[in-house]
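Start at 1 with the first residue, then count along the sequence. What you see is a predicted model; the values in this text were computed from it and never measured.
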Amino acid sequence: MDDEALEEKKKIDEIIDTVKTYHPDADCAIIEKAYLFAKDAHNGQKRLSGEDYINHPIEIARILSTLQLDETTVSAGLLHDVVEDTSISLDDIREGFSDEIASLVDGVTKINKIKVSGEDEEQIETFRKMFVAMANDVRVIIVKLADRLHNMRTLAAMTREKQIKKSRETLDIFAPIASRLGIYRIKWELEDLAFKFLEPERYAEVVDLVASEREEREEYIRRVIEILSEKLTSENIQHDISGRPKHYYSIYQKMESGKSIDEIYDLMAIRVIVNKIDDCYATLGWAHTLWKPIPGRIKDYIAMPKANMYQSLHTTVMGPGGKPFEIQIRTVEMHMIAEYGVAAHWRYKEGKAGPDDLSEKLNGLMNEIKELEQDSEDSGDFVESVKTDLYDDEVFIFTPKGKLIELPAGATPIDFAYRIHTDVGNSCVGSKVNGKIVPLTYKLQNGDRVEILTNTSSKGPSRDWLNVVVSPQARNKIRAFFRKADKEENILKGRELFKRECKHFKTEITEEMKLRYEDFIKSRFNVASWDDLYATIGYGGVKAGYVIQRIKANFTHDFAEESDKPALVKAPTREKGASVHVQGHSDLEVTFANCCKPVPGDQIVGFTTRGRGITVHRADCVNIANTNEPNRIIAVNWITENIQSDSFTANIMIRCLDRKSLIADISTIIGNEGINISSFRTSASGEDEMRMNIEIVISSVSQVQSIVNKLGSVPSVIAVYRI
């Protein structure tokens, strides 16, 4: 066995030993079997860093074992890429291991196939599919988080462009998911790694600031730990106290909000772990007798846990020498959940000691996400709902019977009503807060006791409520009410809008075509029928023009002739098509196809249209390649002596990182070439990236290539190409 194989075997043995520490009865033979299977499947494959590919799944398995996942999930981590990257099939996994492991591998494989391009539509679908997968089996997402964590740890091997893209995805998608699942040890590392690659200078600055007085702070923390430990020991409170690690991204966020390094109270922090809830509150009391608490800095997440099940007491006190520091106090079980979040469920599911309601909380979290998915009409609604749920702070409200309800900050009595039940929300006519009548626009505060006044004969919610509510559940349920109530009206309105847009696009979609397109519109727009699609168009859920564009893009053969419309109206002093010669003809009307916009220098062909002469296409045009009537294609060529005074349009797409003066720089280069711009459109394509679609007026393909080359050298430009 060579040195690399010995090192791999050592890592697998360490993973198995780790699993046995928290799950002594685990069938760890399955882990070793999964390793050997993955090693054979990935044999010969290398990562960008040059190391053997098998090191990647091994490191994922290591991360999963540190999260104390069951042996099934650890094995799935080892196998997570074999279906996607090798000839191994899902049936091979099922036959060699189990249905459960195959299901987890399948879930991760499906998520891996979702390519996040930064474009809104694909980004939305990514969010939706990831969260639906999480609601079906959260372990799929935990494996994906481990996969992303190791990829971020090895991100230095990628190009700068990929580093920025992956880091932005990590901050926007994966770190918030880890936070929502309560897996803080992954969340913090993902954020710090993403920060390091996105803002390397600011990252280095924060690291230097934290390190500048490290020894002094560590000595200070040792002193306060000694003082508090001595007090707790004298009160017979068993405890474990340690310094709390500092996370650079968290410090950076606070500095960005205007705080100096000296104003960040949790830069110096300790964590106290005790055995019982009573000891948590007793420890808080003794800490406040030793040092004065800072008003407004005491948070009780034990009585009012966070949505991701996090529980702890937080206080900031003025310590020795007038220096503030933070104290977190929790039980062993609370600490397990704080570190591992929903992953802690698999530690306790075999009946071991632990929080009795952990499974119930986990199920509640999953059901909440499923409810969001069901109530959302489309992917955009769903993602907006989930992101609101991820990022917003919470307020805690009491029902008249004392039940605690958690809502996003800024919630109103309407949000509260819909959280109780859909019917309560739909029949809501007023509210009382702490016994007093308040308007439905009132912003609820922590500790408010809310009573909803209802009327069963109410006509339902007001559309204005959509501008008042902040919770995704309430917004989706109000929209659902109006979708159902107005469906017939929306069908008529949507059908009329669809017809109008067809005329605008000069497109005819017959009833026979609609029958053929029905399966496509059902899957593409998540509707059950054309009437449902019309209803969606009618209430504004999707634009009719967008539907027509998607249909035409998917059924190009049906609309081939529509692309044969002139791309350019030539000067009236010249005969139409004078720059192109049609072999064997001299009197045919010639126009240029809008789909590919040929210009002199392009290889071209002609397409015989019905009643509109010859349309000239580029030879590599997709509509020509896909035509089912090749007999209508004829030979044409440029008449070089006639094209010198002709003008043509060409479209250029530029992908770039946004910066000041970029548009001015690009316009200057085009102007210096003596080229006119006929249209200039920009659109966002992610947090920092944008796209520019520029239509220019030129006389030959050489001009296009020249301008493409020059634009490609502009700083911040990622790619330039002719459309």
Any Met152 side-chain heavy atom under 4.5 Å of Phe174 side chain: no
Give a yes or no on whether Lys514 atom NZ has more than 12 heavy-atom contacts from other residues, nucleotides or ligands under 6.0 Å away. yes
Rounded to the nearest 0.5 angstrom, the OG1-CG distance for Thr441 and Asp464 is 11.0 Å
Find out whether Leu198 and Arg168 are in side-chain contact, i.e. whether some heavy atom of one side chain is under 4.5 Å from a heavy atom of the other. yes
Kindly determine whether Asp300 and Tyr281 satisfy side chain to side chain donor-acceptor pair (under 3.5 Å), including the steps that lead there. CA-CA 10 Å; Asp300 187 348; Tyr281 290 100; 2.9 Å; yes
Are the side chains of Tyr340 and Ile183 in contact, using a 4.5 Å heavy-atom criterion? no
Applying salt bridge (Lys or Arg N to Asp or Glu O under 4.0 Å), can you list everything that pairs with Asp278, at least two apart in sequence or on another chain? none
Taking atom CD1 of Ile405 as the centre, does the number of heavy atoms from other residues, nucleotides or ligands within less than 6.0 Å exceed 12? yes
Atom pair CE/SG of Met334 and Cys280 - distance to nearest 0.5 Å: 5.0 Å
Hey, are Asp531 and Ser529 close enough side-chain-wise for a donor-acceptor pair under 3.5 Å? no
Only counting residues at least two apart or in another chain, list the ones meeting salt bridge (Lys or Arg N to Asp or Glu O under 4.0 Å) with Arg449. none
Closest heavy-atom contact between Ile537 and Ala544? CG2-CB, 3.9 Å
With a 3.5 Å distance limit and no angle check, can you tell me whether Thr73 reaches the backbone of Leu69 through a side-chain donor-acceptor pair? no
Do Gln473 and Arg475 have side-chain atoms, one donor and one acceptor, less than 3.5 Å apart? no
Would you say Ser250's side chain and His247's backbone share a donor-acceptor pair under 3.5 angstrom? no
I want to check something: taking the side chain as every heavy atom from C-beta on, are Tyr517 and Ile509 in contact at a cut-off of under 4.5 Å? yes
Hey, does the side chain of Asn434 reach the backbone of Asp448 with a donor-acceptor pair shorter than 3.5 angstrom? no
Out of curiosity, Cys428 SG to Asp423 CG, how far, rounded to the nearest 0.5 Å? 12.5 Å
If you measure only the distance, is there a donor-acceptor pair under 3.5 Å linking the side chains of Arg148 and Thr170? yes
OH-CG distance between Tyr249 and Leu190, expressed to the nearest 0.5 angstrom: 12.0 Å
In terms of heavy-atom contacts, Pro324 and Thr316 come closest through CB-CG2, 4.4 Å
Atom of Ile273, atom of Thr331 and distance for their closest heavy-atom approach: CG2-C, 3.9 Å
For Ile414 versus Val469, what's the shortest heavy-atom pair and its separation? CG2-CG1, 3.5 Å
Would you say the side chain of Ile548 lies within less than 4.5 Å of the side chain of Ile551, judging by non-hydrogen atoms? no
Under a 3.5 Å distance rule, please check whether Asn151 uses its side chain to pair with a backbone N or O of Asp147 as donor and acceptor. yes
Determine, for Lys522 against Asp532, whether the closest basic-nitrogen to carboxylate-oxygen distance falls under 4.0 angstrom. no
Using side-chain heavy atoms (C-beta onward) and a distance below 4.5 Å, is Gln311 in contact with Arg330? no
Are Glu189 and Arg185 within salt-bridge range, i.e. N to O under 4.0 Å? no
State plainly whether the residues Glu100 and Arg139 are in salt-bridge range, i.e. N to O under 4.0 Å. yes
Side chains of Ser103 and Asp106: do they bring a donor and an acceptor to under 3.5 Å? no
Output for pair (Ile478 CD1, Asn426 CG), nearest 0.5 Å, gives 8.0 Å
Using modelled atom types only, decide if a donor and an acceptor are shared between the side chain of Asp415 and the backbone of Ser471 within a distance under 3.5 Å. yes
With the side chain counted from C-beta on, respond yes when Val317 and Ile294 share a heavy-atom pair under 4.5 Å apart, and no when they do not. no
Give the ring-plane orientation class for Tyr184 versus Tyr310, where under 30° counts as parallel, over 60° as perpendicular and anything between as tilted. perpendicular
State, with a plain yes or no, whether a side-chain heavy atom of Leu313 is found less than 4.5 Å away from one of Lys299. no
Let me confirm one number: the CG-NZ distance from Leu149 to Lys187, rounded to the nearest 0.5 Å. 13.5 Å
Side-chain donor/acceptor of Ser312 to backbone N/O of Ile329, under 3.5 Å: yes
Tyr248: partners by side chain to side chain donor-acceptor pair (under 3.5 Å), with sequence neighbours left out: none
Test Trp530 against every option in Phe498, Phe520, Phe525 by the ring pair (Phe, Tyr, Trp, His ring centres under 6.0 Å) rule and name the one that passes. Phe498
Quick one: does any side-chain atom of Thr422 pair with a main-chain N or O of Tyr418 as donor and acceptor, under 3.5 Å? no
Shortest non-hydrogen pair, Val438 vs Pro413, comes out as CG2-CG, 4.4 Å
side-chain contact (heavy atoms from CB on, under 4.5 Å) evaluation trace for Ile60 with His80: CA-CA 9 Å; Ile60 289 174; His80 81 284; 3.1 Å; yes
Is the backbone N or O of Val332 less than 3.5 Å from a side-chain atom of His335, with the two atoms forming a donor-acceptor pair by type? no
Looking only at heavy atoms, what is the nearest atom pair of Ser167 and Ala194, with distance? O-CB, 3.6 Å
